[in-house]
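Below: one structure in structure tokens.
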Amino acid sequence: MEKLKRDFYETDGVSLSQKLLGKRLVHIVDGERLSGIIVETEAYMGSLDKGAHSYRGKTERNKVMFGPSGFAYVYFIYGLYYCFNVVANKEDIPQAVLIRAIEPDEGLDSISLNRYKKSYESLTKKEKLNLTSGPSKLCTALKIDKSLNGCDLLSDILFIENTNKNDIKIKSAKRIGIDYAEEAKDFLWRFYDEKSPYVSKKVK
DNA sequence: CTACGGATCGTCT
DNA sequence: GACGATCCGTAGC
């Protein structure tokens, strides 16, 4: 399926979060496609959002968010993990979409090795569901790290493709892990496909 | 099922 | 010097 073009990303973060559900995130590693269908996202809305890294302005870490849309913002967190975001909107409007969960699609054995150091077929049912059901789990699974920060998603290394998926039931919920964000912590800016078992956390 | 603590370090104050 | 857009293992109910 064709790669999403720049204009797909040139919209606000909340809209893009919903548009990205059902699309396929692809990372080419040693010539192999590692991919998954996006099933959970969160919007981070710059100066409107006390939960966003970009709320207090541009820094060395968050500068990619201030650039044009359709680029990868990858950051390191808790001394151990990476999180992957898609930059939304336009230059100087620092909004982004955190990809929180995907459904593993291509390169299952490599994905399984990256996460559990064993083959896909040897995983338990629980381990299979746990491969990519969180923002840092999916980065480990698809080998996404800080070297991809600032990568253009119209490149041939890391990109997002259209799919034929049309049976998505979008649910909105509060975002996770931003209890410090005052009023913004209650904004319903997390979106997920209610039908997917790969979502990190469902409401009730 | 929920609750909590440890791991571990780049980034910002 | 403090802390985080997380994850995992353990403990208790």
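What you see is a predicted model, and the numbers here were worked out from it, not measured in a lab. Below, read A as the first sequence line, B as the second, and so on, with proteins coming before strands; counting in each chain starts at 1.
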Discussion item. Classify A:R175 by what it touches in the nucleic acid, base, sugar-phosphate, or nothing, heavy-atom distance under 4.0 Å.
Written reply: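 A:R175: no heavy atom of the nucleic acid under 4.0 Å.
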Item to complete: Could you check how far NZ of A:K63 sits from P of B:dC12, rounded to whole Å?
Response: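 Between P of B:dC12 and NZ of A:K63: 11 Å.
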Item to complete: Output yes when at least one side-chain N/O atom of A:N62 is less than 4.0 Å from OP1 or OP2 of B:dT11, else no.
Response: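 Checking B:dT11 against A:N62, no side-chain N or O comes under 4.0 Å of OP1 or OP2.
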Fill in: Nearest listed nucleotide, side chain of A:I77, among B:dT13, C:dA5, C:dC8
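Taking heavy atoms from C-beta onward, the closest nucleotide is C:dA5.
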Discussion item. In this structure, how many angstroms lie between the P atom of B:dT11 and the OH atom of A:Y82, rounded?
Written reply: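 Roughly 10 Å, once rounded to whole Å.
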Worksheet item: From the list B:dC12, C:dC7, B:dG10, which nucleotide is the closest neighbour of the side chain of A:F76?
Response: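 Closest nucleotide to the A:F76 side chain: B:dG10.
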Practice prompt. Choose from C:dT6, B:dT8, B:dC12 the nucleotide whose nearest atom is closest to any side-chain atom of A:T59.
Written response: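 Nearest to the side chain of A:T59 among the choices is B:dC12.
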Worksheet item: Hey, does A:F84 have a side-chain heavy atom less than 4.5 Å from the side chain of A:L148?
Response: no
Worksheet item: Hey, is the main chain of A:A43 close enough, under 3.5 Å, to the side chain of A:R190 for a donor-acceptor pair?
Response: no
Practice prompt. Report which part of the nucleic acid A:G51 touches: base, sugar-phosphate, or nothing (heavy-atom distance under 4.0 Å, all strands).
Written response: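 Base: the residue A:G51, judged by heavy atoms under 4.0 Å, touches a nucleobase.
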Worksheet item: With both distances under 3.5 Å as the test, what is the Watson-Crick or G-U wobble partner of B:dT8?
Response: none
Discussion item. From C-beta outward on A:K146, which listed nucleotide comes closest to its side chain: C:dC8, C:dT6, B:dG10?
Written reply: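 Nearest nucleotide to the side chain: B:dG10.
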Worksheet item: Going by 5.5 Å between centroids and 30° between planes, is there a stack of A:Y78 over C:dG4?
Response: no
Worksheet entry | A:D179 CG to C:dC3 P, straight-line distance once rounded to whole Å |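 After rounding, the gap between these two atoms is 14 Å.
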Practice prompt. Return no unless some side-chain N or O of A:Y180 is found under 4.0 Å from OP1 or OP2 of C:dA5.
Written response: yes
Discussion item. Below 30° counts as parallel, above 60° as perpendicular, anything between as tilted: where do the rings of A:F76 and A:Y82 land?
Written reply: tilted
Item to complete: Check every atom of C:dC7, C:dA5, B:dC12 against the side chain of A:Y73 and return the nucleotide holding the closest atom.
Response: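 From the listed options, C:dA5 comes nearest.
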Worksheet item: Does a side-chain N-to-carboxylate-O contact under 4.0 Å join A:E161 and A:R33?
Response: yes
Discussion item. If you only use heavy atoms from C-beta on, which nucleotide in C:dT6, B:dC12, B:dT8 is closest to the side chain of A:R61?
Written reply: B:dC12
Practice prompt. Whole angstrom is fine here: how far is it from CD1 in A:I144 over to P in C:dT6?
Written response: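 Between P of C:dT6 and CD1 of A:I144: 16 Å.
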Fill in: Nearest-nucleotide comparison on DNA chain C, the residue closer to the 5′ end among A:Y116 and A:I178
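Its nearest nucleotide lies further toward 5', so the answer is A:I178.
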Worksheet item: Is A:K169 paired with A:D193 through a side-chain N to carboxylate O contact shorter than 4.0 Å?
Response: no
Item to complete: Would you mind reading off the distance between A:K201 atom NZ and B:dT2 atom P, rounded to a whole angstrom?
Response: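 Whole-Å distance recorded here is 8 Å.
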Discussion item. Once you apply a heavy-atom cut-off of 4.0 Å, does A:N130 come out as touching a base, just sugar-phosphate, or nothing?
Written reply: sugar-phosphate
Fill in: For atom CD1 of A:I176 and atom C1' of C:dC7, their distance in whole Å
13 Å
Worksheet item: Within this structure, what is the NZ-to-P distance between A:K58 and B:dT11, rounded to whole angstrom?
Response: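 It is 16 Å, rounded to the nearest whole Å.
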Discussion item. Nearest whole Å is fine: how far is C:dC7 C1' from A:K137 NZ?
Written reply: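 Nearest whole value for this atom pair: 7 Å.
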Worksheet entry | A:K126 vs C:dC8: side-chain N/O to OP1/OP2 distance below 4.0 Å | no
Discussion item. Measuring to OP1 and OP2 of C:dC7, would you say a side-chain N or O of A:R115 lies under 4.0 angstrom away?
Written reply: no
Worksheet item: If we ignore angles and hydrogens, is there a donor and acceptor under 3.5 Å between the side chains of A:Y44 and A:E42?
Response: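 Indeed, the side chains of A:Y44 and A:E42 share at least one donor-acceptor pair under 3.5 Å.
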